[in-house]
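Notes follow the structure.
All values reported here derive from a predicted model rather than from experimental measurement. We count ligands from 1, going down the list as the structure has it; atoms in each ligand are counted the same way. Reckoned from all heavy atoms, side chains included, excluding hydrogens, waters and symmetry mates.
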Amino acid sequence: MNIAIDGPAGAGKSTIAKLAAKSLGYVYVDTGAMYRAIALYVINNDVDYEDETSLKNALQNINIEIKYVEGAQRVLLNGDDVSEKIRQEAVGNMASKVATKGPVREKLLQLQRDIAASTDVIMDGRDIGTFVLPNAECKIYLTASVQVRAKRRYDELLAKGEAPCLEQIEKDIELRDYQDMNREIAPLKQAEDAIYIDSSDMTIEEVVDKICSYGR
Ligand code: DC
C-alpha cells in the first residue's frame, strides 16, 4: 500500500504524514529532504546549477542515501548525515530551484520508487501522486492558504528562538509556490484521483484522522 501526499510548501505535509505513518505502521518518506540534500551540496560547493555540464558533473559526485533510525528518516549526503542542516530556509529555497532541473529529478526518481516498492509508504512531495507513484492506492493533495502557511512557519521559527519576519516568509512561500507549480518537469498539481484537503481551518489531528481513514 502506498499513500502519496502532495502539496505546497508549509501545508503541514511532513508533520501530518509522520503521524499518519506511525498510526498506520507505514514508513514515512520525505522526498523534499532528498532535493534539499542536493541543494546543500550545490550551496556548499558553489555549483553553477544553471550550467548543465556543471550540474551534471556535480550530480555524479553526489550520493544520496535514506536510512531510518528509530523510525525517523535520516538523509545521508556522501555518507554524512545532513538531516538537520537541510532544514534551513536557504536550503529549502535552493531545493525549489534545483528541483526544476531534469537531471536532478531523474537522479532521485529511482531512489523514491525503489523505497516505495520495498514497503508500505506514506511519501510526501510535489509530484508523488502525479509522477513518482501514479498507481498509489491513495492520493492526497494537502494545502492551506498562503497566510496560514506563513503564520505556521513564523510560529515554528519563533519557537526555535529565531526572529522571523512574517512578510518575508509570505513572500518566500509565494515564490516557492510559483516555482514548484510552474516548472516544466513534474510541476506541483493535484492528481486527478487525489483527495483535496485544505487544512487552513483544521487541526493536525483532524487531518491525520482523515488521511488514516483512507489508508485503513
Ligand atoms: O517539501 P520541501 O519543502 O522539503 O521541499 C523542498 C523543495 O524540493 C520544494 O520546494 C520543491 C522540491 N521538491 C520537488 O520538486 N519534488 C518533490 N517530490 C519534493 C520536493
Side-chain angles (χ1 to χ4, degrees), residues 2-18 20-21 27-43 47 49 55 59 62 64 66 72-75 77 82-116 121-134 136 139-144 146 148-150 152-154 156-157 164 169-191 194 199 207:
N2 290 157
I3 299 180
I5 304 186
D6 291 300
K13 296 186 300 296
S14 67
T15 308
I16 280 150
K18 259 183 224 161
V27 171
Y28 165 56
V29 186
D30 169 6
T31 61
M34 303 174 188
Y35 288 93
R36 284 170 180 262
I38 292 182
L40 183 67
Y41 183 96
V42 164
I43 294 171
V47 176
Y49 62 90
L55 179 62
L59 289 172
I62 296 178
I64 308 279
I66 298 296
Q73 173 181 296
R74 309 296 301 178
V75 185
L77 169 63
V82 294
S83 310
E84 272 82 40
K85 281 185 201 145
I86 57 169
R87 297 326 325 170
Q88 298 163 47
E89 298 296 292
V91 179
N93 292 336
M94 178 60 85
S96 176
K97 293 197 175 88
V98 298
T100 62
K101 308 293 177 199
V104 171
R105 307 201 70 81
E106 275 159 35
K107 187 176 175 82
L108 297 177
L109 181 62
Q110 204 53 46
L111 175 62
Q112 294 164 0
R113 286 189 175 156
D114 286 347
I115 299 174
V121 296
I122 295 196
M123 185 175 281
D124 83 12
R126 303 293 187 286
D127 62 337
I128 310 306
T130 51
F131 189 65
V132 179
L133 304 176
K139 299 181 186 177
I140 308 283
Y141 188 85
L142 182 65
T143 188
V146 171
V148 167
R149 288 186 279 137
R152 287 178 187 160
R153 187 72 192 126
Y154 174 84
E156 259 172 43
L157 292 171
I169 296 176
E170 267 191 34
K171 276 194 194 137
D172 285 351
I173 285 186
E174 274 169 0
L175 175 66
R176 266 235 256 163
D177 283 1
Y178 184 82
Q179 279 172 177
D180 294 349
M181 291 173 180
N182 292 285
R183 66 180 175 224
E184 265 171 47
I185 316 165
L188 168 65
K189 63 172 188 220
Q190 185 181 350
S199 72
V207 181

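Both tests pass for R113 against the ring of F131: distance under 6.0 Å to the centre and angle within 45° of the axis.
Nearest protein heavy-atom contact of atom 19 (C) of ligand 1 is T31 OG1, 3.3 Å. Of all protein heavy atoms, the one closest to atom 9 (C) of ligand 1 is R126 NH2, 3.3 Å. The closest protein non-hydrogen atom to atom 4 (O) of ligand 1 is R36 NE, 2.6 Å. Of all protein heavy atoms, the one lying nearest to atom 7 (C) of ligand 1 is A95 CB, 3.7 Å.
Side chain to side chain, S96 and R36 fail the donor-acceptor criterion of an N or O pair below 3.5 Å. The closest side-chain donor-acceptor pair between T31 and Q112, if any, does not fall under 3.5 angstrom. Inspection of the D30 and S14 side chains reveals no N or O donor paired with an N or O acceptor under 3.5 Å.
Of the N or O atoms in K13, none lie within a sub-3.5 Å distance of an N or O in ligand 1. Close N/O approach between D124 and ligand 1 is not found [any backbone or side-chain N/O within under 3.5 Å]. For the pair D30 and ligand 1, the shortest N or O to N or O distance does not fall below 3.5 Å. When only interatomic distances are considered, the shortest N/O to N/O separation between Y35 and ligand 1 does not fall below 3.5 Å.
Between K85 and Q88, the shortest heavy-atom distance links the atoms O-NE2, 3.0 Å. Closest approach of K189 and T130 over heavy atoms only: O-CG2, 3.5 Å. Contact detail for D180 and R126: the closest heavy-atom pair is OD2-NE, 3.1 Å. In plain terms, the two heavy atoms of V75 and S83 that are nearest each other are N-OG, 3.0 Å.
In summary, the atoms of ligand 1 found under 4.0 Å from a heavy atom of R105, numbered by their order in the structure, are 14 (C), 15 (O), 16 (N). Those atoms of ligand 1 that come under 4.0 Å of a heavy atom in R183, given as number and element, are 14 (C), 15 (O), 16 (N). Within ligand 1, the atoms closer than 4.0 Å to a non-hydrogen atom of R176 are 3 (O), 5 (O), 6 (C), 7 (C), 9 (C), 10 (O), numbered from 1 in the order shown. Contact atoms of ligand 1 toward G125: 17 (C), 18 (N), 19 (C) (distance under 4.0 Å to a heavy atom of the residue). Residue A99 has at least one heavy-atom neighbour below 4.0 Å for each of these atoms of ligand 1: 12 (C), 15 (O). Remark: ligand 1 atoms within the under-4.0 Å shell around heavy atoms of S96 are 7 (C), 10 (O).
Residue M123 holds its CE atom at 13.5 Å from NZ of K13, rounded to the nearest 0.5 Å.
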